[in-house]
Amino acid sequence: MTSKLKEYKEVSPASVKTILKSFFGASYASRITINDKVVKLTWEMVRSSQSCSKMMDLVPRPAGTIPGAGYIAKQLAQLGKRIATAKDDSIYILCKNGAAYRYSRQIQMASNGL
């Protein structure tokens with residue numbers, strides 16, 4: 001595991017590899033050289049997926065039919081509960097996959113010094 005950290009010396013390259021592995025799989029993560037730019041992009045990718053997940057919690061769940069007052073009240077109550085009990089460590093798979101798609105190429109290029 002090669003590391004070329006100057007600015008982010010306190011960051012463990014193994015931790016960054018673990019995060020990359022969770023987003024992209026072991027094969028991709030093993031090819032990445034951890035450097036400052038990769039650390040920064042990984043952080044941006046994680047923050048992006050967390051932000052997306054917070055927004056997903058605000059989306060009402062599908063009704064299946066035209067929603068009535070009872071459904072709307074129930075959705076608002078559940079939304080309030082989701083907001084009150086939100087955890088930063090939970091990431092929707094849709095958000096994780098979207099962030100991985102957006103950052104895959106950038107991280108790979110940064111790993112190669114580009």
CG of Leu94 to SG of Cys52, rounded to nearest 0.5 Å, is 5.5 Å

Does Tyr92 offer a backbone N or O that forms a donor-acceptor pair with the side chain of Ser53 under 3.5 Å?
yes

Nearest 0.5 Å please: distance from the CG atom of Leu41 over to the CG atom of Asp36.
11.0 Å

Indicate whether any N or O donor in one side chain lies under 3.5 Å from an N or O acceptor in the other, for Arg47 and Ser51.
no

Residues 99-107, side-chain donor-acceptor partners within the protein, below 3.5 Å, at least two apart:
{"from": "Arg102", "atom 1": "NH1", "to": "Gly98", "atom 2": "O", "distance (Å)": "3.2"}
{"from": "Arg102", "atom 1": "NH2", "to": "Ser48", "atom 2": "OG", "distance (Å)": "2.5"}
{"from": "Gln106", "atom 1": "NE2", "to": "Arg102", "atom 2": "O", "distance (Å)": "3.2"}

To the nearest 0.5 Å, how far apart are NZ in Lys37 and CE in Met109?
7.0 Å

Indicate the atoms forming the closest heavy-atom contact of Val11 with Pro13, along with that distance.
O-CD, 3.3 Å

Rounded to the nearest 0.5 Å, what separation is found between the CD1 atom of Ile19 and the CH2 atom of Trp43?
8.5 Å

Who are the ring pair (Phe, Tyr, Trp, His ring centres under 6.0 Å) partners of Phe24, not counting sequence neighbours?
Tyr28

How long is the straight-line distance from NZ of Lys21 back to NZ of Lys17, given to the nearest 0.5 Å?
10.5 Å

Do Ser111 and Arg31 have side chains that approach each other closer than 4.5 Å (heavy atoms only, starting at C-beta)?
no

Could you give the distance from CD (Gln108) to CG (Leu20), rounded to the nearest 0.5 Å?
11.0 Å

N/O donor-acceptor pair under 3.5 Å between Lys96 side chain and Val46 backbone
no

Just by modelled atom types, is the Ala110 backbone N or O under 3.5 Å from a matching donor or acceptor in the Asn35 side chain?
yes

Give the intermediate values and the outcome of side-chain contact (heavy atoms from CB on, under 4.5 Å) for residues Val39 and Ile34.
CA-CA 7 Å; Val39 170; Ile34 305 302; 3.9 Å; yes

